[in-house]
Q: 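Dropping the structure in here first, questions after.
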There are 2 protein chains.
Amino acid sequence: MSDPDFWMSARREHRLVFLLNVAHRRLQRWIAAQTQQSGVTAAQSGLLFVLGQRDGVLMGEAGAALDLGPPGISGLVDRMTAANLIKRRADPDDGRAWRLWLTPAGRAALAQSKAGLAEVNARLTAGFSEAEIDVVARWLTSLQSKFPKGEDE
Amino acid sequence: MSDPDFWMSARREHRLVFLLNVAHRRLQRWIAAQTQQSGVTAAQSGLLFVLGQRDGVLMGEAGAALDLGPPGISGLVDRMTAANLIKRRADPDDGRAWRLWLTPAGRAALAQSKAGLAEVNARLTAGFSEAEIDVVARWLTSLQSKFPKGEDE
DNA sequence: GACATTTATTTCGCATGCGAACTATCTACA
DNA sequence: TGTAGATAGTTCGCATGCGAAATAAATGTC
């Protein structure tokens, strides 16, 4: 075939969706490989970061912080609880709610994740100026209002 | 909590990974909702586009075009074959290989996807200049070499 | 106080896509 | 020719995360 990237030569408006998709998967795959020894995935380190800032947060709050719906955060918490990274404790004031807490292992994993993220970020920004990265960040952020979830319209 | 986006105020180097992740999911979710009636998902329309340009492509070639590994393209083809969007026919010259062909239903779905993608692209680029979109596209593309798959190093 | 509504979380079935291991076929080389 | 190695796909188990529906507890209303 000798033209493995003919997709890339497709019409301009087709590319951004594809590029975003590929970039996302490349990054996820990379992080998964990097954190293989620690056993923590990209999504899991996201929750570790949240708890690092606000230990004891409600599940729903953690989900909102990570832009995850109820099933997403529920599954993530299940896996991380099974891996002994976090603990789930009932909220004393609300029988429906659960609060999430880092375990010692979770704290250690968070420290490792922080170091790994520094490396990832260095790669993410390499070759681009501050101003360009700001454009990128602004564009990525803009997608949240352009493609709202549910009733946000 | 009244501060649902405290994650967003995290250190600057933590944000791009998160923003990319969220942007990707928002977009996927949006496309899934839009194409609900046609029953075609974002990943599936990707393969439709590839076949629209090169009907009869090898599975491996389609996977390369979409940046999918063997299991990824295999599963996608399974689902799309079951949905009668594409057909899998043995390559006459290579007993290991299969070639993919659009069905009439697949062609119709492709036409619908093209229209939908125009709408998506309008949103993706809204509020940003050509030059800014170019920066974004260049940045997204750069991730492919910064986070290579496997042995590419 | 009882009942309707809202809210927090879980469960189910699904699509996506990965790495590792497997099967089948083809190619090259001795 | 015969066998070692490369190549095309498949399968398995997993993580991720969605929408829809269920469960359970809190809240508001009459």
Side-chain angles (χ1 to χ4, degrees), chain A residues 1 21-36 39-47 57-64 66-83 85 88-100 147 149-151, chain B residues 1 21-36 39-47 57-64 66-83 85 88-100 147 149-151:
Chain A
M1 184 86 349
N21 189 352
V22 172
H24 171 257
R25 280 186 290 109
R26 289 290 185 106
L27 185 54
Q28 292 295 117
R29 195 192 298 154
W30 174 269
I31 294 177
Q34 292 308 105
T35 60
Q36 199 168 346
V40 176
T41 66
Q44 292 178 10
S45 54
L47 183 49
V57 85
L58 291 175
M59 282 186 60
E61 290 168 347
L66 297 169
D67 198 57
L68 292 177
I73 189 67
S74 188
L76 188 59
V77 165
D78 280 350
R79 291 185 295 273
M80 292 179 71
T81 300
L85 293 166
R88 200 189 338 222
R89 255 183 261 153
D91 185 300
D93 299 331
D94 189 333
R96 299 165 299 179
W98 297 86
R99 293 191 175 274
L100 304 175
F147 301 97
K149 50 197 309 188
E151 336 67 15
Chain B
M1 182 85 350
N21 189 351
V22 172
H24 171 257
R25 280 186 291 108
R26 289 291 185 105
L27 185 54
Q28 293 295 117
R29 196 191 298 152
W30 174 269
I31 294 177
Q34 292 308 105
T35 59
Q36 198 168 347
V40 176
T41 67
Q44 292 178 10
S45 54
L47 183 50
V57 85
L58 291 175
M59 282 186 60
E61 291 168 345
L66 296 170
D67 198 57
L68 292 178
I73 188 67
S74 188
L76 188 59
V77 165
D78 280 351
R79 292 185 295 274
M80 292 178 71
T81 301
L85 293 166
R88 201 190 335 225
R89 256 183 260 154
D91 184 301
D93 299 331
D94 189 334
R96 299 165 297 180
W98 297 86
R99 292 190 175 274
L100 304 176
F147 302 96
K149 49 197 311 188
E151 336 67 15

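Sequence lines set the chain letters: A, B, ... in the order given, protein chains first and strands last, and positions in each chain run from 1. The figures here come from the full heavy-atom set of this structure, side chains too, leaving out hydrogens, waters and symmetry mates.
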Q: Using a 4.0 Å heavy-atom cut-off across all strands, classify Gly75(A) as base, sugar-phosphate, or nothing.
A: nothing

Q: Quick one: CD on Gln44(B) to CZ on Arg79(B), what's the gap to the nearest 0.5 Å?
A: 6.5 Å

Q: About how many Å separate CG of Leu76(A) and CG of Leu66(A), when rounded to the nearest 0.5 Å?
A: 7.5 Å

Q: OP1 or OP2 of dT9(C) versus the side-chain N and O atoms of Ser74(A): is any pair under 4.0 Å?
A: no

Q: Output the rounded distance in Å from NZ (Lys149(B)) to P (dG17(C)).
A: 11 Å

Q: Roughly how far apart are Thr41(A) OG1 and Met80(A) CE, rounded to 0.5 Å?
A: 7.5 Å

Q: Would you say Thr41(B) places a side-chain N or O within less than 4.0 Å of OP1 or OP2 belonging to dA15(C)?
A: no

Q: Assign Gln28(A) to base, sugar-phosphate, or nothing according to its heavy-atom contacts below 4.0 angstrom with the strands shown.
A: nothing

Q: For Asp78(A) and dT16(D), give me the distance from atom CG to atom P, rounded to whole Å.
A: 11 Å

Q: Ignoring hydrogens, what is the shortest heavy-atom contact between Ser45(B) and Val40(B)? Give both atom names and the distance.
A: N-CG1, 3.7 Å

Q: Looking at dG17(C), dG17(D), dG9(D), which one has an atom nearest to any side-chain atom of Ala43(A)?
A: dG17(D)

Q: Figure out the CG/C1' separation between Asn21(A) and dC18(C), and round it to whole Å.
A: 14 Å

Q: Hey, does Ile73(A) reach any base, or is it just sugar-phosphate, or nothing, if we go heavy atoms under 4.0 Å?
A: nothing

Q: From C-beta outward on Asp94(A), which listed nucleotide comes closest to its side chain: dT16(C), dA25(D), dG9(D)?
A: dA25(D)

Q: Side chain of Pro71(B) only, heavy atoms from C-beta on: which candidate in dT11(C), dT10(D), dT9(C) is closest?
A: dT10(D)

Q: If you measure from CH2 on Trp98(B) to CG on Leu58(B), what distance do you get to the nearest 0.5 Å?
A: 12.5 Å

Q: May I ask you to say what Asp91(B) touches in the nucleic acid, namely base, sugar-phosphate or nothing, with a heavy-atom cut-off under 4.0 Å?
A: nothing

Q: Is Arg25(B) touching bases, backbone alone, or none of the nucleic acid, heavy atoms closer than 4.0 Å?
A: sugar-phosphate

Q: Please list, for nucleotides 2-7 of chain D, all pairs of protein and nucleotide N/O atoms separated by less than 3.5 Å.
A:
from, atom 1, to, atom 2, distance (Å)
dT7(D), O2, Arg96(B), NH1, 2.7

Q: Tell me the interatomic distance from Arg29(B), atom CZ, to dT16(C), atom P, rounded to whole angstroms.
A: 16 Å

Q: Contact class for Arg88(B) (heavy atom, under 4.0 Å): base, sugar-phosphate, or nothing?
A: sugar-phosphate

Q: If I take atom CD in residue Gln44(A) and atom P in nucleotide dC18(C), what distance separates them, rounded to the nearest angstrom?
A: 18 Å

Q: Would you indicate which nucleotide in dG17(D), dT16(C), dT10(C) comes nearest to any side-chain atom of Met59(A)?
A: dT10(C)

Q: Taking only residues two or more places apart in sequence, or in another chain, which ones meet Trp30(B) in a ring pair (Phe, Tyr, Trp, His ring centres under 6.0 Å)?
A: Phe147(A)

Q: To the nearest 0.5 Å, what is the distance between CD1 (Ile73(A)) and CG (Asp78(A))?
A: 10.0 Å

Q: What nucleotide, of dT9(C), dT16(D), dT16(C), holds the atom closest to the side chain of Leu76(A)?
A: dT16(D)

Q: Between atom CD in Glu61(B) and atom C1' in dG9(D), what is the gap in whole Å?
A: 14 Å

Q: Whole-Å distance between dT16(D) P and Asp67(A) CG?
A: 16 Å

Q: What is the distance, to the nearest angstrom, from the CH2 atom on Trp30(A) to the P atom on dC18(C)?
A: 16 Å

Q: Looking at Gln28(B), Arg25(B), His24(B), which one forms a side chain to side chain donor-acceptor pair (under 3.5 Å) with His24(A)?
A: His24(B)

